[in-house]
Amino acid sequence: MTEDTLVTEDTPTRRAERILAQVRAIPPGAVAGYGEVARRAGLPGRARLVATILSANTDPSLPWHRVLRSDGRIAFPEGSPGWHEQLQRLHAEGVRVEAGRVRGQSAAADLDSRLWGPHG
DNA sequence: TGGTTGACTCGTA
DNA sequence: CTACGAGCCAACC
């Protein structure tokens with residue numbers, strides 16, 4: 001165990017903070033995928049962790065509604081309270097949603113980096 | 001202490 | 001378009 005190890009030490013709390021920071025970094029009117037947020041937080045392949053963190057979040061200022069599935073769909077079950085709320089929040093920001101799905105390319109179409117902005 | 005869940009994703013069929 | 005498996009991991013039970 002060296003000092004380097006301590007510096008680079010990762011903990012669930014730190015992962016959560018990095019994830020939340022990335023969610024807050026999504027500008028109004030734009031959306032990002034769970035996997036995208038995870039990747040930007042330095043946690044590639046941990047999309048599910050992003051969902052876990054968001055489900056446990058209590059910060060009302062967190063723009064959680066800007067996080068979608070990789071295919072552009074809202075992750076909540078269609079018609080559920082959460083689904084309706086997310087839809088409403090996105091609509092309020094001018095994000096076009098059709099049948100629970102945001103227009104634009106799917107995350108899988110481009111592995112590089114992607115934030116689906118207002119222009120698509 | 002160990003199994004199950006879930007606001008996920010990707011490749012394959 | 002659907003279905004299934006594998007990978008993922010904190011939170012629950």
Side-chain angles (χ1 to χ4, degrees):
Chain A
M1 184 81 74
T2 66
E3 291 179 27
D4 283 337
T5 304
L6 293 176
V7 170
T8 58
E9 182 176 24
D10 200 10
T11 66
T13 299
R14 287 193 179 184
R15 293 179 189 179
E17 304 238 335
R18 293 210 303 278
I19 288 172
L20 291 175
Q22 289 306 318
V23 172
R24 294 192 184 95
I26 306 172
V31 295
Y34 288 88
E36 187 64 24
V37 171
R39 191 184 68 75
R40 287 175 175 273
L43 300 166
R46 276 58 170 182
R48 206 159 202 169
L49 180 57
V50 173
T52 299
I53 297 302
L54 291 188
S55 68
N57 175 70
T58 56
D59 181 359
S61 70
L62 187 75
W64 56 268
H65 57 284
R66 296 175 192 149
V67 185
L68 303 171
R69 284 195 205 165
S70 64
D71 62 0
R73 287 177 169 284
I74 289 174
F76 288 106
E78 189 170 339
S80 67
W83 186 89
H84 282 299
E85 184 175 354
Q86 185 163 14
L87 179 64
Q88 185 175 351
R89 285 175 177 238
L90 287 172
H91 208 261
E93 292 190 345
V95 176
R96 180 120 90 116
V97 185
E98 297 178 3
R101 183 176 169 183
V102 170
R103 271 181 161 284
Q105 296 174 270
S106 67
D110 187 347
L111 299 176
D112 212 1
S113 68
R114 183 172 301 280
L115 279 179
W116 302 309
H119 304 293

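Since this is a predicted model, take the numbers as computed values, not measurements. Within every chain, numbering begins at 1; the chains are lettered A, B, ... in the order of the sequence lines, protein sequences first and strands thereafter.
- Within the 4.5 Å cutoff, the side chain of A:Ser70 has no heavy atoms near those of the A:Glu36 side chain.
- Distances shorter than 4.0 Å separate some side-chain N or O of A:Arg69 from OP1 or OP2 on B:dC8.
- A donor-acceptor contact shorter than 3.5 Å is absent between the side chain of A:Arg101 and the backbone of A:Gly72.
- Residue-level contact check: A:Trp83 touches neither bases nor backbone, having no heavy atom under 4.0 Å from any strand.
- Between B:dA7 and C:dG7, the distance separating the two P atoms is 23 Å to the nearest Å.
- If you check every strand for non-hydrogen atoms under 4.0 Å, A:Leu49 touches sugar and phosphate atoms only.
- For the P atoms, the distance from B:dT1 to C:dC8 is 24 Å, rounded to whole Å.
- In this structure, the nucleotide among C:dC8, B:dA7, B:dC10 sitting nearest to the side chain of A:Arg48 is C:dC8.
- Here the nucleotide nearest the side chain of A:Ser70, chosen from B:dA7, B:dT9, C:dC1, is B:dT9.
- When each of B:dC8, C:dA10, B:dA7 is scored by its nearest atom to the side-chain atoms of A:Phe76, the top-ranked nucleotide is B:dA7.
- OP1 or OP2 of C:dC9 lies within a sub-4.0 Å distance of a side-chain N or O belonging to A:Arg46.
- Side-chain contact between A:Asn57 and A:Val23 is absent, with no heavy atoms from C-beta onward closer than 4.5 Å.
- Only one option out of A:Leu62, A:Ile26, A:Val31 pairs with A:Val67 in a side-chain contact (heavy atoms from CB on, under 4.5 Å); it is A:Ile26.
- In the set B:dT9, C:dA11, B:dA7, B:dA7 carries the atom at the smallest distance from any side-chain atom of A:Ala51.
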